[in-house]
Amino acid sequence: MADPIVRTRADIEADITAARLRLAENVEGLINQVHPKAIVANTIADARTFAEGSFEQAKAQVVDERGNLR
């Protein structure tokens with residue numbers, strides 16, 4: 001059998017500290033994503049993208065490549 005990996009108390013504490021920091025960063029990221037201001041900003045960006053795409057589609061039906069009316 002292989003020898004078990006020996007970990008010191010300091011190794012275990014360092015692993016726990018690193019895991020705690022990663023967890024805190026992940027929670028902070030989630031909070032920022034679901035914050036009302038972030039939701040509003042994302043919704044506005046999505047609406048602008050949709051409106052710009054719709055405008056370009058409508059414009060393409062009315063104006064040719066040179067800018068002349070069809």
Reported CZ-to-CD1 distance for the pair R20 and I16, which is rounded to 0.5 angstrom: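 Going from CZ on R20 over to CD1 on I16, the span is 7.0 Å.
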Inter-residue atom distance D64.CG - K59.NZ, 0.5 Å rounding: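 Reported to 0.5 Å precision, the distance equals 11.0 Å.
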Stepwise side chain to side chain contact (heavy atoms under 4.5 Å, CB included) test for Q33 and L30: CA-CA 5 Å; Q33 287 178 354; L30 289 172; 4.0 Å; yes
Residue R48 excluded, over 12 heavy atoms near CZ under 6.0 Å: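 Incorrect, the count does not exceed 12.
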Any side-chain donor near an acceptor of the partner, T8 and D11, under 3.5 Å: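 T8 vs D11: donor-acceptor pair found between side chains.
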Flag, side chain of D15 to backbone of I12, donor-acceptor distance under 3.5 Å: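 Checked: no pair found.
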E28 atom CD, over 12 foreign heavy atoms within 6.0 Å: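 Atom CD in E28 is not packed in, count stays at 12 or less.
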Check against side chain to side chain contact (heavy atoms under 4.5 Å, CB included), L69 and V63: CA-CA 5 Å; L69 293 175; V63 180; 4.3 Å; yes
Closest approach of V34 to I39 (non-hydrogen atoms, all atoms of both residues):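 Closest pair (atom of V34, atom of I39, distance): O-CD1, 3.4 Å.
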